[in-house]
Amino acid sequence: MNLRRRISILCLLAVASLALYGGVRHLSPTLVEHVVERMLAEKAPRGVGSEEISRRLKALLASVGGEDEKLARLFQISQRLEKVQQITAAELSQLLALP
């Protein structure tokens, strides 16, 4: 293999790595939101539908500023949910309270 071909392969690998990194970085907030939404639906009290949880979570995230604030809020909710098996209606309202 000559030097020019090796350099072109390395450049191709570098571009592919950067594209993969950019894609993952772009999609990670969406993944975190989906996981938190599923956790809320699993731990929600009886009678609270997943549609209502999804609607309230989207309203909460729409009221928060930028992407960093949204991720911070999602991580706060996730940390609170990790510690409990079930949440009450009051706890759900507190978690999804608009600022």
Side-chain angles (χ1 to χ4, degrees):
M1 217 187 261
N2 62 19
L3 184 61
R4 177 172 273 160
R5 188 166 180 184
R6 286 182 185 176
I7 290 175
S8 64
I9 290 173
L10 286 175
C11 288
L12 181 64
L13 286 173
V15 168
S17 297
L18 287 173
L20 182 62
Y21 174 77
V24 168
R25 181 143 170 91
H26 176 71
L27 292 176
S28 64
T30 305
L31 179 62
V32 171
E33 180 180 344
H34 177 74
V35 169
V36 169
E37 187 177 325
R38 292 292 95 214
M39 285 175 64
L40 280 167
E42 289 174 6
K43 296 182 180 202
R46 294 185 197 271
V48 179
S50 61
E51 297 85 21
E52 179 183 350
I53 290 172
S54 178
R55 181 184 51 79
R56 290 177 64 187
L57 182 62
K58 289 192 188 322
L60 169 68
L61 294 177
S63 70
V64 177
E67 288 297 316
D68 291 337
E69 290 85 10
K70 287 179 184 179
L71 275 176
R73 182 69 175 156
L74 287 168
F75 284 133
Q76 284 177 342
I77 294 171
S78 175
Q79 287 175 341
R80 298 252 330 256
L81 290 174
E82 285 178 354
K83 299 175 185 174
V84 295
Q85 293 294 323
Q86 283 293 119
I87 57 175
T88 65
E91 289 171 329
L92 180 63
S93 295
Q94 185 182 19
L95 284 172
L96 298 178
L98 296 174

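All heavy atoms count here, side chains included; hydrogens, waters and symmetry mates do not.
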Measure the [atom1]-[atom2] distance between [X] and [Y] for me, rounded to the nearest 0.5 Å.
{"X": "His34", "Y": "Ser54", "atom1": "NE2", "atom2": "OG", "value": "10.5 Å"}
{"X": "Met39", "Y": "Ile53", "atom1": "CE", "atom2": "CD1", "value": "12.0 Å"}
{"X": "Leu81", "Y": "Lys43", "atom1": "CG", "atom2": "NZ", "value": "6.0 Å"}

Donor-acceptor pairs under 3.5 angstrom involving side-chain atoms of residues 83-94: please list them, not counting sequence neighbours.
unit_1	atom_1	unit_2	atom_2	d
Gln86	NE2	Ala44	O	3.3
Thr88	OG1	Glu91	N	3.1
Glu91	OE1	Thr88	N	2.8
Ser93	OG	Ala89	O	3.1
Gln94	OE1	Arg80	NH2	3.4

Atom pairs and distances, side-chain donor-acceptor, residues 7-31, under 3.5 Å, sequence neighbours left out:
unit_1	atom_1	unit_2	atom_2	d
Ser8	OG	Arg4	O	3.4
Ser8	OG	Arg5	O	2.7
Ser17	OG	Leu13	O	2.9
Ser28	OG	Arg25	O	3.3

Expected list for residues 67-74: side-chain donor-acceptor pairs under 3.5 angstrom, two or more places apart:
unit_1	atom_1	unit_2	atom_2	d
Glu69	OE1	Gly66	N	2.7
Arg73	NH1	Gln76	OE1	3.4
Arg73	NH2	Leu95	O	2.7

